[in-house]
There are 4 protein chains.
Amino acid sequence: MSSRRRSAGRRAEVLDAAGEVVAARGADATRFSDVTAATGVGVSTLQYYFGTREDMLVAVFRHAAQRDFDLVRERLAPLTDPRERLLAIATHLTGAVGSDTTWRLWVESWRWASRDPGVRADVLADYRGWHELIAAEVEAAGGEDPMTTARLILALIDGLALPVVLGDPELTRAAAQRLLAGGLTRLLGPTAPAF
Amino acid sequence: MSSRRRSAGRRAEVLDAAGEVVAARGADATRFSDVTAATGVGVSTLQYYFGTREDMLVAVFRHAAQRDFDLVRERLAPLTDPRERLLAIATHLTGAVGSDTTWRLWVESWRWASRDPGVRADVLADYRGWHELIAAEVEAAGGEDPMTTARLILALIDGLALPVVLGDPELTRAAAQRLLAGGLTRLLGPTAPAF
Amino acid sequence: MSSRRRSAGRRAEVLDAAGEVVAARGADATRFSDVTAATGVGVSTLQYYFGTREDMLVAVFRHAAQRDFDLVRERLAPLTDPRERLLAIATHLTGAVGSDTTWRLWVESWRWASRDPGVRADVLADYRGWHELIAAEVEAAGGEDPMTTARLILALIDGLALPVVLGDPELTRAAAQRLLAGGLTRLLGPTAPAF
Amino acid sequence: MSSRRRSAGRRAEVLDAAGEVVAARGADATRFSDVTAATGVGVSTLQYYFGTREDMLVAVFRHAAQRDFDLVRERLAPLTDPRERLLAIATHLTGAVGSDTTWRLWVESWRWASRDPGVRADVLADYRGWHELIAAEVEAAGGEDPMTTARLILALIDGLALPVVLGDPELTRAAAQRLLAGGLTRLLGPTAPAF
DNA sequence: TATGAATGAGAGTTCATTCAT
DNA sequence: GATGAATGAACTCTCATTCAT
């Protein structure tokens, strides 16, 4: 019992650390030994926990996606104004420490998804989850055609994240945040109040 | 001379084919032998052409980026109306066969750029090139703050490309094109004429 | 007591099943997990019963040799005519279902015996046991030089078993049995009555 | 050219040495590294020559079978009397240095054949080759029913080889040779002249 | 008595690369 | 200019085994 619980906790810790490794090195370049170096957990133990290397990567993707979603929900909890909530979702990009990790992992997931049907299903489901989350806020904010707008907003967020994470010197995080706020205003349409 | 020219032609052909391989398998998973299988050119010959495997990948990225840019310019040539030109750039995404290859290679480049300073410089320069191309059209179309708008437009394009290439069943190419057109209108601001 | 007896019974069952596995896969290729799959008994339990993997294999060999001997004795019990008894021993090869298992295990034992002194001693003792069993019948049948003849007969049986078990299409079981009967007649000498 | 020829020669040498290793350790237990230790040829070179480990083992079997057959033919060449020739074939068992290797490899082949259809076909073809070789001599020696007799003789040879190779203390090589000579006389029938 | 968790050792295989031609 | 032969490095994976319960 207690060993099983300890084991489960250990597994989750390993998943977190492995996520950092995958974000830093890329999924293809992540070896068992890299995760071992980052965690102190032996290679065979990783295999015991996760199975093959690819199984481990998939587990990392799922875990990271779940954490990301949970994190945003947490941030959203204290906010009630839909416009504030939208902005909170959007600036999830620029805010937290580790958000680079989040975006890198998202790209890694996307890449993996394009070759693995199981991961594709996961990623598309996550994608849909984000759409719905955003669409609900758009609707509450009085925006027209919530799903369409939500798609545009999410595309904008994703598309801005890429150069930010890449470290485009012309696009600091602050600049990105301003761009994002401005873009939201435009996308929500002329009738929506500006942020 | 003629053999050098023939050689250069062969190299370019190999780069095209290698680009397809990289798009299909991912850069990390692209082995010399995969390119050999796709081209009939022996492993040693690839090394003779490009050097190490990573050199080859970088050459593929540069070649693909150049081709992409050239292709858009070509498509833009017959168009004069800035709004039409903008839309042509934007729907570069949805149109041609092989655009999946383009977008996949873009993601591969982005990933490689995260870890290789040389590639990062290339990718950021390309990025800037696209911004300027778009900004010029925004300005010609009478949009305000062309660079800001250009960044938003490019982000929208990139952000929409991802689910399209991943094959999101809720986002057909036609739907993406409509979204894109709508998004452009909104981003260019209420004063800009609708597309 | 009862649990010990149950345990001993379980161990014997496991040995039977493990024998099948060894015959099918070969001793070297027999993993604990193969036996687990065949018996439902966990790996650790197998180790608890037998010790190391090699200990288990040796136990399988001894068990199988014993069973084989017991089985032949059983078949011999109702027969009194030495010639019939000899033929019964000889055709132990062609008769029963499961005789493939027997012969395969014999080859596996032989191979193991080549490298393990303990198993070699067991196998040579078994070998001697068969010789004596056969020699007694040869003597009773009036054959000359019983031990020599017994050796020849046993060699003939072993030598015929190999292609039969291998599934030589030119040597059906029926053909093997006829060959064996003919061979016995010749080996027992011209003065012995034909079978 | 010369490098290719050198390569072919090296390959054959390696096959000889690998045959010794397989005979000594058993096929299943033969690792690339064992052959490396025996030959000085690196593991990857072995793989370059043969492919997978199993491919190497199969190559060893074929090579050994061919060599064995060639060797007997060589020994047969100077002999004309069919009875002498038969005895030469039969005592192929006891004679040469390395005959243990031959028999051990034969058992290894047999075992491999029982799980690999390709090897089974090879082994059965070899088996048939030996039958035909023996049958021709039986016929020349005036024996009746040459194929049947050949089968019995071959079985006797195989069946005697096993305990000899195992080192049965009651069956020295000299004793085995006497047994074999006696067995041949009996199997060829009372009308055939004794050896 | 029986079993799951964890782990180290060892093997096969892939692959880029070097060298010689 | 182009290519095949040979080889070392690195990685995944399997498996027996030990430990704790």
Side-chain angles (χ1 to χ4, degrees), chain A residues 1-8 10-11 28-36 40-56, chain B residues 2-4 6-8 10-11 28-36 40-57, chain C residues 3-4 6-8 10-11 28-36 40-57, chain D residues 1-4 6-8 10-11 28-36 40-56:
Chain A
M1 254 324 153
S2 78
S3 97
R4 171 165 297 179
R5 188 168 298 156
R6 209 182 314 137
S7 204
R10 192 116 182 80
R11 220 188 95 111
D28 302 84
T30 297
R31 311 293 163 209
F32 276 124
S33 56
D34 299 318
V35 179
T36 289
V41 173
V43 169
S44 11
T45 305
L46 294 175
Q47 292 170 324
Y48 177 65
Y49 283 162
F50 303 112
T52 69
R53 174 180 159 272
E54 306 209 344
D55 292 338
M56 178 179 72
Chain B
S2 79
S3 95
R4 170 168 299 180
R6 212 181 313 134
S7 212
R10 191 113 183 80
R11 218 187 94 111
D28 301 86
T30 297
R31 314 290 167 217
F32 276 124
S33 58
D34 298 318
V35 178
T36 289
V41 173
V43 169
S44 296
T45 306
L46 293 175
Q47 290 172 318
Y48 175 66
Y49 283 161
F50 303 111
T52 69
R53 172 178 163 273
E54 306 211 343
D55 292 339
M56 179 178 73
L57 292 172
Chain C
S3 94
R4 170 168 297 179
R6 212 182 312 134
S7 211
R10 190 110 185 83
R11 216 187 97 110
D28 301 85
T30 297
R31 316 288 167 216
F32 274 125
S33 58
D34 299 317
V35 178
T36 288
V41 173
V43 170
S44 296
T45 308
L46 293 174
Q47 291 172 318
Y48 175 67
Y49 283 162
F50 303 111
T52 70
R53 174 177 161 272
E54 307 211 343
D55 292 340
M56 177 179 73
L57 292 172
Chain D
M1 258 313 159
S2 77
S3 96
R4 171 165 299 180
R6 209 181 315 136
S7 204
R10 191 118 182 78
R11 217 188 97 112
D28 301 85
T30 297
R31 310 293 164 211
F32 276 124
S33 57
D34 299 318
V35 179
T36 289
V41 173
V43 169
S44 10
T45 305
L46 293 175
Q47 291 171 325
Y48 177 65
Y49 284 161
F50 303 113
T52 68
R53 173 180 159 272
E54 306 211 341
D55 291 339
M56 177 178 73

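In what follows, every chain begins at residue 1, and chains take the letters A, B, ... in the order their sequences are listed.
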Item to complete: Compare the minimum distances between each of E:dG12, F:dT17, F:dT3 and the side chain of C:F32, then state the nucleotide with the smallest one.
Response: F:dT17
Worksheet entry | Options E:dA11, E:dT13, E:dT3, nucleotide nearest the side-chain atoms of D:V43 | E:dT13
Worksheet item: If you check every side-chain atom of C:R31, which of F:dC15, E:dT1, F:dC11 has the closest atom?
Response: F:dC15
Practice prompt. Name the closest nucleotide to the C:Q47 side chain, picking from F:dT18, E:dA11, E:dT1.
Written response: F:dT18
Practice prompt. Enter the distance from B:R53:CZ to B:D34:CG here, rounded to the nearest 0.5 Å.
Written response: 9.5 Å
Item to complete: On DNA chain F, check which nucleotide each of B:V41 and C:E54 is closest to and give me the residue with the more 5' one.
Response: B:V41
Worksheet entry | Donor-acceptor contact below 3.5 Å, side chain A:T36 vs main chain A:F32 | yes
Discussion item. Using heavy-atom distances to pick each residue's nearest nucleotide on DNA chain E, tell me which of D:R53 and B:G51 is more 5'.
Written reply: D:R53
Item to complete: Tell me which nucleotide among F:dA2, F:dG4, E:dT13 gets nearest to the side chain of B:T45.
Response: F:dA2
Item to complete: Let me have DNA chain F in dot-bracket notation, would you? Count Watson-Crick plus G-U wobble pairs, both distances under 3.5 Å, and use [ ] for pairs crossing earlier ones and | for inter-strand partners.
Response: .||||||||||||||||||||
Item to complete: Give the nucleotide from the list E:dT7, E:dC15, E:dT17 with an atom nearest to the side chain of A:S44.
Response: E:dT7
Worksheet item: Of all the nucleotides listed (E:dT7, F:dA5, E:dA2), which has the minimum atom distance to the side chain of A:Y48?
Response: E:dT7
